[in-house]
Amino acid sequence: MSKEKILPLAARSKKAMLRQPKQIAYFSRDLNYKVHPDRSNLSYYYLPDGDIDNNIDLSVGSKHFLLGDSVELSKLDPILLALKGIEKESGAKTKDRIITWRGIMRKLLTLPYDSEEDFVLDVVSFDGQLFIQFNVPYLKSKDVQKQGDTEFHKKLQFSGYKFEKMATLPKPWPECTRKEIDNRAKSKCNNIEQYGAIVRTGISRIKILIGGEVDCTADFYDENDPLSRYIELKTTRTINQYKDMVTFEKKLFRTWAQCFLLGIPRIIYGFRDDNCILRTVEEFSTNDVPLMVKNNPLNEQPKKENCYMSSINFYGAVVEWLNESVKDDQVWKLSYSKRNKQYLVLKEVTDENEKQQIVESAIPAWFKEWRSELKNSECNND
């Protein structure tokens, strides 16, 4: 019989001391889903005021948008490849307890205040570490749901990718040709090619390794402190009335969480109208967002608590709960359902076939072989 544990969304850690994120690796993914340990897909921010005044249509090219396979994009392989490289250089296994994607941790961090979407995660304990990924059947069910999206909704989603394309260059501006600069509008968009950073962070003594996409860096890449130059790019509807402001603050909360977890200091929002025409651009400091929202004089909603700090304490409670609950060589499903809004559910997978499928999906054979090789090497050196 499988075990089941719950964590109330009201749970808060009393010792949620966060470690400052530090980049330890990076990667680029190409159109064929191949991962490269380089910065070939790093983009550089470039959006002059003159371009914004030209009424950029962020829906142009939506029919040619290449949507990647959600299962392939969710695999932990880019992080594991970087992990292997780090361990190969040091000759020892890293001491990180949790290894996962930023998008997963963002869902957990914001859950008490952003709980309108179900999710299912796989938590695999392997070699003393917890590897967390999106559950494959869950991802496939989400893909089926998206097939029912209207064309208008698809255009709005595409506008975010188009904004990224229009606001970046493939190289620093002085190294780009006039053709590369002028042809941004003609470039096709996809969500497969990606540059990502891998950072080490944590809660108190629990070390966490997180990988996440980085939209772009500022005018140059800082070898000594790359996180300080990274920028998150987003789009949203222009704010014309009070309800638009409330919607934007909810989006900004999620964006803040994304940047907070990876250590990205700057957020740039493109505000578009309902015809996907870019109207204005505004920059926010990640660190300033909580205070900015709190002090917004137009926000009439009662602030019973600081949702930003409270969400960090909930995130700490989740990390501590997982660390204590999941033992060696176990596989669990961590889920949240809108029907049971009050808690997270952690259920052990006991069916051997399902367990094997989840482990094979999360931990590829080449990584198992690497860890076996590393263990033998450590034994020989003792």
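Below, all heavy atoms of this structure are taken into account, side chains as well, without hydrogens, waters or symmetry copies. Keep in mind the model is a prediction, meaning the values are calculated, not measured.
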A side-chain contact here means heavy atoms from C-beta on lying under 4.5 Å apart; do [X] and [Y] qualify?
| X | Y | answer |
| --- | --- | --- |
| Val359 | Phe131 | no |
| Val345 | Leu334 | no |
| Ser43 | Thr217 | no |
| Phe260 | Ile312 | yes |
| Tyr45 | Asp219 | no |
| His153 | Thr150 | yes |
| Leu18 | Ile203 | yes |
| Thr238 | Asp244 | no |

Under 4.0 Å between a side-chain nitrogen and a carboxylate oxygen: does that hold for [X] and [Y]?
| X | Y | value |
| --- | --- | --- |
| Lys142 | Glu117 | yes |
| Lys355 | Asp351 | no |
| Asp96 | Arg200 | yes |
| Glu348 | Lys327 | no |
| Lys84 | Glu87 | no |
| Asp274 | Arg237 | yes |
| Glu116 | Lys338 | no |
| Arg106 | Asp114 | yes |

Side-chain H-bond candidate by donor/acceptor type, [X] with [Y], under 3.5 Å:
| X | Y | answer |
| --- | --- | --- |
| Asp143 | Ser70 | yes |
| Thr236 | Lys251 | yes |
| Ser285 | Asn287 | no |
| Lys234 | Gln258 | yes |
| Asn190 | Glu193 | yes |
| Gln356 | Glu352 | no |
| Gln133 | Thr100 | no |
| Gln330 | Trp332 | yes |
| Tyr195 | Tyr230 | yes |

Parallel, tilted or perpendicular: which fits the ring planes of Tyr308 and Phe253, with parallel below 30° and perpendicular above 60°? perpendicular
Please state whether the rings of Phe271 and Tyr269 are parallel, tilted or perpendicular, taking 30° and 60° as the class boundaries. tilted
Using 0.5 Å steps for rounding, measure from the [atom1] atom of [X] to the [atom2] atom of [Y].
| X | Y | atom1 | atom2 | result |
| --- | --- | --- | --- | --- |
| Cys307 | Phe314 | SG | CZ | 13.5 Å |
| Ser361 | Leu76 | OG | CG | 8.0 Å |
| Ile198 | Lys22 | CD1 | NZ | 15.0 Å |
| Ser125 | Asp329 | OG | CG | 6.0 Å |
| Lys294 | Glu249 | NZ | CD | 13.5 Å |
| Leu31 | Ile192 | CG | CD1 | 5.5 Å |

Give the C-alpha distance, both sets of side-chain angles, the deciding distance and a yes or no for side chain to side chain contact (heavy atoms under 4.5 Å, CB included) between Glu232 and Thr255. CA-CA 8 Å; Glu232 180 74 20; Thr255 306; 4.0 Å; yes
Quick check: is [Y] connected to [X] through a chain of hydrophobic side chains (ILVMFWY, heavy atoms under 4.5 Å apart)?
| X | Y | result |
| --- | --- | --- |
| Leu108 | Leu139 | yes |
| Leu169 | Leu47 | no |
| Val281 | Ile267 | no |
| Val35 | Leu73 | no |
| Val71 | Tyr33 | no |

Please check: side-chain N/O of [X] versus main-chain N/O of [Y], any donor-acceptor pairing under 3.5 Å?
| X | Y | result |
| --- | --- | --- |
| Arg184 | Met166 | yes |
| Arg102 | Glu213 | yes |
| Ser325 | Leu322 | no |
| Ser204 | Ile206 | no |
| Trp101 | Ile132 | no |
| Ser159 | Leu58 | no |
| Thr286 | Pro265 | yes |
| Ser28 | Asn41 | yes |
| Ser337 | Asp118 | no |
| Asp288 | Phe284 | no |

May I have the step-by-step check of side-chain hydrogen bond (donor to acceptor under 3.5 Å, both in side chains) for Tyr113 and Ser310, ending in yes or no? CA-CA 9 Å; Tyr113 304 96; Ser310 181; 2.8 Å; yes
With side chain to side chain contact (heavy atoms under 4.5 Å, CB included) as the criterion, how do Arg272 and Lys162 come out once you've worked through the C-alpha distance, each side chain's angles and the decisive distance to 0.1 Å? CA-CA 12 Å; Arg272 46 143 185 85; Lys162 185 69 173 182; over 6 Å; no
Heavy atoms from other residues, nucleotides or ligands near CE of Met309 exceed 12 (cutoff 6.0 Å):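 Result for CE/Met309: open.
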Just do the side chain to side chain contact (heavy atoms under 4.5 Å, CB included) check on Arg371 and Lys368 with the steps written out, would you? CA-CA 5 Å; Arg371 280 295 174 83; Lys368 289 180 182 178; 5.9 Å; no
What do the steps show when you test Val199 against Ile24 for side chain to side chain contact (heavy atoms under 4.5 Å, CB included), and what is the final call? CA-CA 6 Å; Val199 305; Ile24 60 169; over 6 Å; no
Using every non-hydrogen atom in the two residues, find where [X] and [Y] come nearest and quote the distance to one decimal.
| X | Y | answer |
| --- | --- | --- |
| Cys189 | Phe158 | CB-CE1, 3.8 Å |
| Leu9 | Tyr336 | CD2-CE1, 4.2 Å |
| Ser13 | Gly316 | CB-C, 3.7 Å |

Over-ring placement of Arg229 relative to Tyr221, 6.0 Å and 45° cut-offs: no
Check: Tyr138 ring centre within less than 6.0 Å of Phe119 ring centre: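 Tyr138 vs Phe119: aromatic centres not under 6.0 Å.
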